Amino acid sequence: MHPQTLHRPADEIGALSAATLGTAEATEALLSRQKDDGHWVFELEADVTIPAEYILLCHYLGEDIDPGLCQRLGDYIRGARTANGGWPLFHEGHMDLSASVKGYYALKACGDDIDAPHMVEARTAILRAGGAERANVFTRILLALFGQVPWRAVPTMPVEIMTLPRWSPFHLDRVSYWSRTVIVPLLVLMACKPQARNPKGIHVRELFNTPPQKVEDWHHHPEQAGWTRFFKLLDAAVRRAEPLLPADNRRRAIAKAVNWVEERLNGEDGLGAIYPAMANAVMMYDALGYSREHPSYMTARRSIEKLVVDRPGATYVQPCLSPVWDTALTVQALLEVNTPAAQDACIRGLDWLAERQILDTVGDWAVQRPNVKPGGWAFQYANPHYPDVDDTAVVVMAMHRADPVRYATAIERALHWIRGMQSENGGWGAFDADNTHHYLNYIPFADHGALLDPPTADVSARCVGMLAQLGTGPGDPVMDAGLRYLRREQEADGSWFGRWGTNYVYGTWSVLSAFNAAGIDAEDLTVRRAVQWLKDLQNEDGGWGESGATYWRERRHERCESTASQTAWAMLGLMAAGAVDDPSVARGAAYLAENQGEDGLWPEDPYTAVGFPRVFYLRYHGYPAFFPLMALARYKSLSEGNARTTSWGL
């Protein structure tokens, strides 16, 4: 339950006065949430698939899950259903078949009667949507592990992939970090084909329109292109050849996969520090016969428990933890406030971040950039093989703004790393350079369409903004290429796509911030078109809201209720373009002031972030805390001063 909203009458006392009061209350709230060692971390929530997979993992392993915990997780899953009985990928989204299959299976494993009304409604929705036989690849893999579908329901991925040469078109280095960490232990599982212990024998045969043994064609890629047909034929050929592969080669490939996981196990922060990879690692060790007391098994299993949130009113499992991102953005907001207490808290937070810069581990990114020294930050508490340029750019901008002398060495190392991570097209991906092998998105395994990490406008804007803030100007080849990339990426309506935040509001704010820092004039046609797009999108209540459905082209213009975080992004984008005096910004400030909670922060149910567009969405509990504060504090400082824009890159 959200804290009560103040509903302050901002139109009566003035948007600026309301922003001043709201800033003070939000600052106090954020300062009170700082950890003793200086960092901030907020909960990170996804859809029901993660808690559902956690319940099913316990059944897979034959563990006795605490009945109370199972009931509370079940309450969370039951409460997230859509009106038609299935489960969505984001708040008030349409029912998603794969999420619904997992949600239903988990509730049945928790002991829910299949004749209970909510189970009947969910089952009816699943069957109407095509049945479990039309679920995505990852769901079918789970069903195969539980013996609910034959292994031919899963695309062929022989573990011998581990031994392919680097020039191979299917080498793991060609996919994204998250795909790599999920796939490698999964290759072992697909080679061993273990079966869940499932002591209660929970099945979901009732979710199939066609009995699994009678399904002839399991592989339905959403894009029926030439590549799709080619890879479907290739999958069939590999399936026939796999039993003929030499046993010694298979043993060597499995050993190589295990060694790969061991090198990246990452302590109790987990493989890749993301739930799917961590769960696959546990099941890999189990399938290979590791004892429950084996150090690697114990470490992998404990990493998952650290993701469980169990508090009054909400029990679920997080997909990962976000302390570096949360701390860097909270510091950015407090730097905007610029009071002595806020400044002190910022230095404590930045000192905590400085200790976590990755300076020694040469991660997977170095395959493409072998001559670049490490210098980035990961998203989580620890994930040294996988720093990302988005977090790194935000941390650097905060350090440079707070105390460029104190953090000079950290800034220099990070600057070198980010410059080196630029892709050939001038943009930046999140974790790798030139991860653009788009043909791989057509293999049967990639029906989710999220196998790669190509450059995107939002991440690239963060890097350009950082470079500009640090003094990189026109004529610098990295900066010039980045700006050209961003101009090319502008949509026909004036917006920019947002890969990691929902969606075009996020991307447009990011690019306008970078353009401002780079000195691009507000009268530039590119900027003016973006400003007009933001103004046209504003809701009648003064806020902004954009649905996760906009990642489907046919629903490109779908809005949703106003949210605090998206309103903040729109305001920050407009102010970066010099529109601080525009009435739309004042209306946005009034919306934030009127909807601030009694705890000083903002309630927000809609998901405004993205793991994988159209597949996996995120709700950062920190977004309606630090972003509105950043927007209100900037609105206050610009309105009271002589400058019409900020000089910072974010």
Side-chain angles (χ1 to χ4, degrees), residues 328-329 331-332 335-336 350 353-354 357-359 365 368-369 371-377 387-434 455-490 496 507-522 524 526-527 530 572-573 575-578 643 645-650:
L329 287 168
V331 167
Q332 290 279 3
L335 286 171
E336 205 70 45
L350 291 171
L353 287 168
Q357 189 174 20
I358 301 165
L359 299 173
W365 53 267
Q368 291 295 328
R369 295 294 183 268
N371 299 319
V372 177
K373 291 182 180 179
W377 277 267
D388 72 274
V389 299
D390 206 1
D391 279 85
T392 301
V394 174
V395 172
V396 167
M397 285 187 279
M399 287 181 164
H400 176 261
R401 182 174 178 179
D403 193 332
V405 176
R406 184 186 186 101
Y407 302 110
T409 301
I411 291 170
E412 182 181 359
R413 282 292 297 268
L415 176 62
H416 168 81
W417 185 70
I418 284 186
R419 289 178 66 91
M421 290 296 289
Q422 187 176 34
S423 292
E424 290 183 1
N425 67 1
W428 282 263
F431 298 91
D432 286 291
D434 294 315
T456 58
D458 48 353
V459 175
S460 301
R462 213 81 71 219
C463 297
V464 168
M466 183 212 74
L467 291 170
Q469 182 176 315
L470 268 56
T472 306
D476 179 89
V478 173
M479 173 65 87
D480 289 350
L483 288 170
R484 287 195 299 271
Y485 169 83
L486 291 176
R487 286 187 181 275
R488 290 196 307 270
E489 287 295 302
Q490 189 173 31
W496 278 272
T508 303
W509 153 62
S510 300
V511 176
L512 287 176
S513 296
F515 278 5
N516 170 61
I520 294 177
D521 193 271
D524 184 283
T526 304
V527 175
L572 290 165
M575 288 187 285
T645 61
T646 181
S647 59
W648 312 115
L650 186 66

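Any value given below was found using the heavy atoms of this structure, including those in side chains, with hydrogens, waters and symmetry copies removed. Remember, it's a predicted structure, so these values are computed and weren't measured experimentally.
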Using every non-hydrogen atom in the two residues, find where [X] and [Y] come nearest and quote the distance to one decimal.
X      : Y      : result
Gln332 : Val394 : NE2-O, 3.2 Å
Gly375 : Thr392 : O-CG2, 4.2 Å
Val389 : Val459 : CG2-CG1, 3.4 Å
Thr508 : Ala530 : CG2-CB, 4.0 Å
Ala398 : Ala328 : CB-O, 4.5 Å
Ser513 : Gly649 : CB-O, 3.7 Å

Quick one: pull up [atom1] in [X] and [atom2] in [Y] and give me the separation to the nearest 0.5 Å.
X      : Y      : atom1 : atom2 : result
Ile411 : Asp403 : CD1   : CG    : 8.5 Å
Asp524 : Thr526 : CG    : OG1   : 4.5 Å
Asp390 : Cys463 : CG    : SG    : 7.0 Å

For the side chain of [X] and the backbone of [Y], is there at least one donor-acceptor N/O pair under 3.5 Å apart?
X      : Y      : result
Asp432 : Gln368 : no
Ser460 : Trp428 : yes
Glu489 : Ala457 : no
Arg401 : Trp648 : no

Task: His400 vs Leu470, side-chain contact (heavy atoms from CB on, under 4.5 Å): CA-CA, chis, key distance, verdict - done: CA-CA 7 Å; His400 176 261; Leu470 268 56; 3.8 Å; yes
Flag the pair [X] / [Y] as yes when at least one side-chain heavy-atom distance between them is below 4.5 Å, and no otherwise.
X      : Y      : result
Leu415 : Met466 : yes
Val527 : Asp521 : no
Leu650 : Arg462 : yes
Leu350 : Tyr407 : yes
Glu336 : Leu572 : no
Leu483 : Ile520 : yes

- [ ] Please report the C-alpha distance between Tyr485 and Val464 in whole Å, then the side-chain angles of each, then the deciding distance to 0.1 Å, and finally whether the side-chain contact (heavy atoms from CB on, under 4.5 Å) criterion is met.
- [x] CA-CA 10 Å; Tyr485 169 83; Val464 168; over 6 Å; no
Task: Summary of side-chain hydrogen bond (donor to acceptor under 3.5 Å, both in side chains) pairs that have at least one residue in residues 415-427, sequence neighbours excluded - done: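 Those involving residues 415-427 are Arg419-Asp476.
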TODO: Could you give me the CA-CA distance, side-chain angles and deciding distance for Trp377 and Leu353, then say whether side-chain contact (heavy atoms from CB on, under 4.5 Å) is met?
DONE: CA-CA 8 Å; Trp377 277 267; Leu353 287 168; 4.2 Å; yes
Task: Row check, Trp496 ring normal vs Arg488 NZ/CZ: under 6.0 Å, within 45° - done: no
TODO: Would you sort out whether Val478 and Thr472 count as a side-chain contact (heavy atoms from CB on, under 4.5 Å), showing the intermediate values?
DONE: CA-CA 9 Å; Val478 173; Thr472 306; over 6 Å; no
